[in-house]
Amino acid sequence: MPAAPAPRQGRRPVAVVSFAQAPNVRRDTAHNEVELLLPVIGEVLGNLGITKDDIGFICSGSTDYLIGGPFSFVAALDAVGVWPPKSESHVEMDAAWALYEAWVRLQEGDVDTALVYGFGKSSMGDLGKILALQLDPYVMAPLWPDPVSLAALQARALLDHGLATERDFAEVAARSRRSALDNPKAQVAYDRSADDLLGEDYVVAPLRRHALPPLTDGAAAVMLAAGDRAFELCERPAWITGIDHRVETHALGARDLTSSPSTAKAAEVAGVSAGPVEVVELHAPFAPQELVLCRALGLPVDPTGAGSTSVNPSGGPLAANALMAGGLIRIGEAAARIIDGRVSRVVAHATSGPVLQQNLVAVLEGA
Amino acid sequence: MQRLGHVHGPCCRNFERGGGRSGMSAAGDQVLTAEHVLEYPYSRSVGPVIGAFLTGLRDGRLLGCTGSGGRVIVPPTEYDPETAESTGELVEVGPEGTVTAWAWVGRPAPQHPLDRPVAWGLVKPDGADTALLHVLDTGSPDTVSTGMRVRPDFLPEGERVGRIGDIRAFVPAGPAGRGGVG
């Protein structure tokens with residue numbers, strides 16, 4: 001049995017051994033959350049030939065604000081099966097943070113596998129309103145600034161500081177949607193030039209339609225396994241050799257929106273620069289944010305994707321962005337490229353909160 | 001539609017329907033509608049720092065606080081956003097300030113502060129080292145720019161109650177601007 005690479009954090013090597021996601025669609029009126037998750041959970045376990053009995057810990061990420069009912073996430077556990085009971089937890093965040101919790105849980109050493117899933121039917125609510133509620137409740141939320149408007153402020157700051165052009169935003173969008181043509185689960189995929197995209201109207205200037213993520217109904221799941229159990233389940237596990245997450249102030253006006261110090265710090269702790277980055281999956285819902293994140297990760301900033309690192313080969317969140325699953329999907333997409341043997345070292349990023357307030361960075365490697 | 005009952009609490013539902021009958025029966029089109037009352041029936045203190053800021057707005061003034069290294073933070077916070085140290089005394093800033101970033105909203109949503117095209121802006125009040133988020137009422141995207149000078153257009157005295165909406169919007173500073181501290 002090969003040896004797992006030594007992790008930079010934790011005492012116990014943990015790997016992604018399986019990944020599955022639902023087709024990402026604008027509006028799934030045929031399935032509720034449990035029905036959306038059932039085939040995804042079935043696939044992520046089925047890939048490994050295991051059942052619920054083989055799961056040591058379960059952690060999920062979703063937001064009750066979409067349904068408008070507290071503890072609605074509990075019902076989603078029906079997709080796994082509630083009897084006999086399993087140790088289980090939930091984060092009201094992107095499921096990338098559920099993966100982080102599961103990674104911590106696996107460090108305890110008494111369980112060897114963890115199921116992580118995330119789901120979000122964005123069509124259930126008005127994200128412009130829902131996501132305003134995550135802001136400071138006294139000086140920001142009462143004004144109802146929506147996520148598109150806040151991302152537009154960030155884009156303006158990038159333009160004003162000479163760190164990007166509107167063409168850069170269009171190039172990121174064109175490349176992402178072109179990459180998405182190879183992703184059967186993508187929601188928005190097309191082959192259009194940046195020139196063509198620059199002809200679109202502004203939604204909130206300086207952001208045109210193409211710079212915005214789609215509204216997506218979707219779900220995803222990842223299986224983690226620790227130590228030798230990972231090799232038993234998977235020929236080529238995607239070992240998490242570094243993982244960290246950091247948060248910035250909720251005081252938007254106290255941040256420099258042109259940079260992402262939380263991403264830079266997480267990348268430093270996770271060891272991004274310790275080796276080549278063949279693939280990076282960035283959770284940059286708005287096109288300008290890809291440029292901010294590349295800088296923070298120490299990667300070349302090239303909107304056309306001509307650099308040595310493949311940026312968002314899945315199409316990224318501009319191709320599909322299910323609320324609370326989009327970050328976990330970045331980890332899954334990056335890991336899948338290790339598991340299938342295409343590459344050896346990848347970086348995955350997830351974000352949470354307004355305009356890249358909180359960021360998680362993971363380095364995954366083949367043995 | 002007339003409300004037939006009202007049950008407070010996050011998990012309770014009460015049902016409504018058209019027509020004059022009571023109960024959960026369906027309306028003529030056989031569609032049952034349910035009103036879901038979800039509320040947060042608490043009042044809470046905003047604390048000594050945000051509270052002072054909101055009180056300042058009621059009085060037509062902008063307040064910040066001194067943070068680590070003497071920088072002035074607006075809106076004020078109880079701790080420095082970068083160092084987490086406790087912040088110091090409250091200081092008056094502005095009211096005029098400089099736009100550090102803006103975004104033009106051609107079609108405001110119903111919940112937005114103004115019902116006509118408007119800009120979101122980050123405004124750094126004179127004497128402050130951070131910016132405040134609000135709307136910029138300039139009329140047109142051609143009359144807003146980074147670096148432009150603006151001032152808060154407060155609601156008239158008597159209409160201000162100590163909330164961020166006491167500032168109707170920021171408007172271009174100088175004689176061209178409308179309104180003022182009432």
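Reminder, nothing fancy here: chain letters follow the sequence lines and each chain counts from 1.
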Inset, instruction - Show your reasoning for whether side-chain contact (heavy atoms from CB on, under 4.5 Å) applies to A:L143 and B:H134. - result: CA-CA 7 Å; A:L143 301 171; B:H134 216 292; 3.8 Å; yes
Legend entry - Greater than 12 external heavy atoms within 6.0 Å of A:Y65's OH: no
Inset, instruction - Could you check A:L135 against B:L133 for side-chain contact (heavy atoms from CB on, under 4.5 Å), going step by step and ending with a plain yes or no? - result: CA-CA 11 Å; A:L135 303 168; B:L133 178 79; 5.8 Å; no
Inset, instruction - Name the option with the most non-hydrogen atom pairs under 4.5 Å to chain A; the candidates are B:L54, B:V123, B:T146. - result: B:T146
Legend entry - Enclosure of A:R295 CZ (heavy-atom neighbours >12, cutoff 6.0 Å): yes
Legend entry - Residue selection (most heavy-atom pairs with chain A, distance under 4.5 Å) from B:R163, B:H112, B:R107, B:K124: B:H112
Legend entry - Contact origin within B:I50 toward chain A - heavy atom pairs under 4.5 Å: side chain
Inset, instruction - To the nearest 0.5 Å, tell me how far A:R255 CZ sits from B:E82 CD. - result: 11.5 Å
Legend entry - Heavy-atom proximity to chain B below 4.5 Å, by part of A:L257: side chain
Legend entry - For the student: nearest non-hydrogen atoms of B:L122 and A:G253, plus distance: CD2-CA, 4.1 Å
Legend entry - Contacting moiety of A:L150, where chain B heavy atoms sit under 4.5 Å: side chain
Legend entry - B:F53 versus A:V139, closest heavy-atom pair with distance: CE2-CG1, 3.7 Å
Inset, instruction - Might you point out which heavy atoms bring B:I164 and A:P142 nearest each other, and give the distance in Å? - result: CG2-CB, 3.7 Å
Legend entry - Neighbour count above 12 (heavy atom, 6.0 Å) for A:D201 CG: no
Inset, instruction - Go through the atoms of A:D146 and report whether side chain, backbone, both or neither lie under 4.5 Å from a heavy atom of chain B. - result: both
Legend entry - B:P75 versus chain A, the contacting section by heavy-atom distance below 4.5 Å: side chain
Legend entry - Least distance between heavy atoms, B:A103 atom then A:S149 atom: CB-O, 3.9 Å
Legend entry - Neighbour count above 12 (heavy atom, 6.0 Å) for A:R26 CZ: yes
Legend entry - Partner chain A: residue of B:A109, B:P113, B:G106, B:G121 with the largest heavy-atom pair count (under 4.5 Å): B:P113
Legend entry - OH/B:Y79: more than 12 non-hydrogen atoms of other groups inside 6.0 Å: no
Legend entry - Atom pair CG (A:L252) and CG (B:L132), whose distance is rounded to the nearest 0.5 Å: 10.5 Å
